[in-house]
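Quick one: structure below, then a few questions.
Position 1 is the first residue of the sequence; numbering continues from there. Hydrogens, waters and symmetry mates play no part in the numbers below; they use all other heavy atoms, side chains included.
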Amino acid sequence: MKNEWWVHSKLTFIYEVHLKGFLLMKEDESLKEYLIIDNMGRVKIPPLFLKHVNIQPSATIQFFTYKNYFIMKQIEASPVFLEKKMKLNNLIRTIDHLGYIVIPKILREIHDMNLCEKIGVKLINKSIIFYKKRKQNKSPGLIKEPIEPELNRLSLLEIKEGKIRLPNFLLESFNLEVSMQLQFFTKGQGTIVAKKHRYEFFTEGNLFFTGQSRVVNKDKYLNIPKKLRNYLNVNNGDVLEVKIEGDKLVIKKAT
């Protein structure tokens, strides 16, 4: 009887470990599909993608262009704020209850996407990524680099009450823990850099220390000092592009 219990327990343990491992693998694996742009400039986003990024029917979506791809993100704000923002930004659209959304014409032109053309869509880091589907070319010099390595280090984070919430994958990749302090630097025009606190106040290459430091709080929020929000020209409801580069978090206003 004892042996039967031990065998059953061991099998249960092995099954649970295998199942958890499978779930973790599926969670980390990028979802990938191809969509057709219809003759109205729309694509139908797969329900699984919408569920993963928690986008609701009739949500307001903003598109952000990034190198050879563009990204969609749900905007959460008051109707008055959204109406004002939509007048100023031609990359904002509404997704309908069937999952259809119009890809702005300017994005189709920038990325050379035509009506009735098949395009690629991936889910990376809770973001929906669109890219031009290109034919494979045997010449090594013409083969495009995969998009995952760079986008795996990128997050689009909305500012709320002057703060951004750092996702778990970014904290882990940056080896950053709650209650750690970050120092802020400027890097060129419109870019700030956050580095783990050191008891040295220095200028490093093209980084200039701003005298500003903040702690990642227990809810994983990082306050962006008002002085630096002004430097980036961002307000509540705007989105920041946060990217890991070595030992730095590079932060700029998303476009």
Contact between Val43 and Phe130 at the side-chain level, heavy atoms closer than 4.5 Å - yes or no?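 Val43 vs Phe130: side chains touch.
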
Qualifying salt bridge (charged side-chain N to carboxylate O under 4.0 Å, His left out) pairs with a residue from residues 178-189, counting only residues at least two apart or across chains: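 Counting only pairs at least two positions apart or across chains, the salt bridge (charged side-chain N to carboxylate O under 4.0 Å, His left out) contacts touching residues 178-189 are Lys187-Glu245.
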
Considering non-hydrogen atoms only, spot the tightest contact between Leu50 and Gly99 and give its length.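 So the two residues come closest at CD1-CA, 4.2 Å.
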
Could you check whether any side-chain N or O of Arg229 sits under 3.5 Å from a backbone N or O of Ile224, counting only pairs where one atom can act as donor and the other as acceptor?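 Confirmed, Arg229 side chain pairs with Ile224 backbone.
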
Got Lys132 and Asn68 here, is their nearest side-chain heavy-atom distance under 4.5 Å?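 Contact flag for Lys132/Asn68 side chains = no.
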
Please check: side-chain N/O of Asp238 versus main-chain N/O of Asn235, any donor-acceptor pairing under 3.5 Å?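 Yes; judged by distance alone, with no hydrogens or angles, the pair exists.
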
Is the shortest heavy-atom distance from the side chain of Thr60 to the side chain of Gln74 under 4.5 Å?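 Counting from C-beta outward, Thr60 and Gln74 never come under 4.5 Å.
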
Below 4.5 Å, heavy atoms only, C-beta onward: do Pro46 and Leu35 meet side chain to side chain?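 Answer yes - side chains close enough.
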
Close side-chain approach of Met72 to Phe49, heavy-atom, < 4.5 Å: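 Result no, sub-4.5 Å side-chain heavy-atom pair not found.
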
For the hydrophobic clusters of this structure (ILVMFWY residues joined by side-chain heavy atoms under 4.5 Å, transitively), does one cluster hold both Ile36 and Ile95?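 No, no single cluster joins them.
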
When clusters are formed by joining ILVMFWY residues with side-chain heavy atoms under 4.5 Å apart, either directly or through shared neighbours, do Val215 and Ile251 land in the same one?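 No.
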
Looking at every heavy atom in both Tyr231 and Thr191, which two are closest together, and how far apart are they?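 Scanning both residues, the minimum pair turns out to be CE2-O, 3.6 Å.
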
Spacing of NZ belonging to Lys252 relative to NZ belonging to Lys243, to within rounding of 0.5 Å: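 Answer for the NZ-NZ pair, Lys252 versus Lys243, is 6.5 Å.
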
Restricting to non-hydrogen atoms, name the atom on Leu232 and the atom on Gly190 that form the minimum distance, rounded to 0.1 Å.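 For Leu232 versus Gly190, the nearest heavy atoms are CD2-O, 3.2 Å.
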
When hydrophobic residues are tied together by side-chain contacts of less than 4.5 Å, even through go-betweens, does Ile129 share a cluster with Val239?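 Ile129 clusters together with Val239.
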
Can you tell me if Asn236 uses its side chain to pair, donor with acceptor, with the backbone of Gly162 under 3.5 Å?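 Yes; judged by distance alone, with no hydrogens or angles, the pair exists.
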
Only counting residues at least two apart or in another chain, list the ones meeting side chain to side chain donor-acceptor pair (under 3.5 Å) with Lys220.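 Only Asn168 meet the side chain to side chain donor-acceptor pair (under 3.5 Å) criterion with Lys220.
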
Output, in order, the C-alpha distance, side-chain angles, deciding distance and verdict of side-chain contact (heavy atoms from CB on, under 4.5 Å) for Ile37 and Asn114. CA-CA 7 Å; Ile37 302 175; Asn114 303 306; over 6 Å; no

Nearest 0.5 Å please: distance from the CZ atom of Phe184 over to the CG atom of Leu207.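 It comes to 13.5 Å.
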
Provide the full list of salt bridge (charged side-chain N to carboxylate O under 4.0 Å, His left out) pairs with a residue in residues 161-175, sequence neighbours left out, each pair given once.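 Every candidate salt bridge (charged side-chain N to carboxylate O under 4.0 Å, His left out) pair involving residues 161-175 fails, so no pair, neighbours aside, qualifies.
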
State yes or no: do Leu123 and Leu48 share one hydrophobic cluster built from I, L, V, M, F, W and Y residues joined by side-chain heavy-atom distances below 4.5 Å, directly or via other members?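 Result: yes, single cluster for both.
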
Sequence neighbours excluded, every pair satisfying side chain to side chain donor-acceptor pair (under 3.5 Å) that has a member inside residues 103-112: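 Residue pairs passing side chain to side chain donor-acceptor pair (under 3.5 Å), neighbours aside: Thr65-His111.
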
Would you say Ile103 and Phe70 make side-chain contact, with heavy atoms under 4.5 Å?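 Of all side-chain heavy-atom pairs linking Phe70 with Ile103, at least one is under 4.5 Å.
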
To the closest 0.5 Å, what do you measure between OG (Ser58) and NE2 (His97)?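 Here the interatomic distance stands at 8.0 Å.
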
Quick one: does Val178's side chain get under 4.5 Å of Asn217's, heavy atoms only?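 In short, these two side chains do not touch, never coming nearer than 4.5 Å.
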
Can you list the residues that meet the salt bridge (charged side-chain N to carboxylate O under 4.0 Å, His left out) rule with Asp38, with sequence neighbours excluded?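 Listed in chain order: Arg42.
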
Rounded at 0.5 Å granularity, tell me how far CD1 in Ile71 sits from OG in Ser155.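 The CD1 atom of Ile71 sits 9.5 Å away from the OG atom of Ser155.
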
Thr210 side chain to Gln212 main-chain N or O, any donor-acceptor pair under 3.5 Å?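 Checked: pair present.
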
Taking atom NZ as the centre, does Lys196 end up with more than 12 heavy-atom neighbours from other residues, nucleotides or ligands that are less than 6.0 angstrom away?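 Yes, because the 6.0 Å sphere around NZ of Lys196 holds more than 12 heavy atoms from other groups.
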
Considering non-hydrogen atoms only, spot the tightest contact between Ala194 and Phe174 and give its length.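 Smallest heavy-atom distance, with atoms named: O-CZ, 4.0 Å.
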
One pair to check against side-chain contact (heavy atoms from CB on, under 4.5 Å): Ile244 and Leu249. What are the steps and the verdict? CA-CA 5 Å; Ile244 299 172; Leu249 283 182; 3.8 Å; yes

What heavy-atom pair brings His197 and Ser213 nearest, and what distance separates the two atoms?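 Reported closest heavy-atom pair: CD2-OG, 4.2 Å.
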
Rounded at 0.5 Å granularity, tell me how far CD1 in Ile192 sits from CG in Leu228.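 Going from CD1 on Ile192 over to CG on Leu228, the span is 5.0 Å.
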
Does Lys160 make a cation-pi contact with Tyr221, if we ask for NZ or CZ under 6.0 Å from the ring centre and within 45° of the axis?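 The answer is no; the distance or angle limit is not met.
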
Sub-6.0 Å ring centroid separation between Phe209 and Phe185: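 Yes, the ring of Phe209 comes within the 6.0 Å limit of the ring of Phe185, centre to centre.
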
Measure from the side-chain N and O atoms of Lys73 to the backbone N and O of Phe64, and report whether any donor-acceptor pair falls under 3.5 Å.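 No; zero donor-acceptor contacts below 3.5 Å.
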
In this structure, are over 12 heavy atoms from other groups packed under 6.0 Å from Lys44 atom NZ?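 It does: Lys44 NZ has more than 12 such atoms within range.
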
So which heavy atom on Ile101 is nearest to which on Thr94, and how close?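 So the two residues come closest at CG1-O, 4.0 Å.
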
Going only through I, L, V, M, F, W and Y residues with side-chain contacts under 4.5 Å, is there a path from Ile92 to Val102?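 Ile92 and Val102: separate clusters.
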
State, with a plain yes or no, whether a side-chain heavy atom of Leu182 is found less than 4.5 Å away from one of Arg214.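 Sidechains of Arg214 and Leu182: no contact.
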
If I take atom CG from residue Leu156 and atom CG from residue Leu240, how far apart are they, to the nearest 0.5 angstrom?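 Answer for the CG-CG pair, Leu156 versus Leu240, is 9.0 Å.
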
Test of understanding: with side chain to side chain donor-acceptor pair (under 3.5 Å), list the residues that count as partners of Gln189, not counting sequence neighbours.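 For Gln189, no residue satisfies side chain to side chain donor-acceptor pair (under 3.5 Å) once neighbours in sequence are set aside.
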
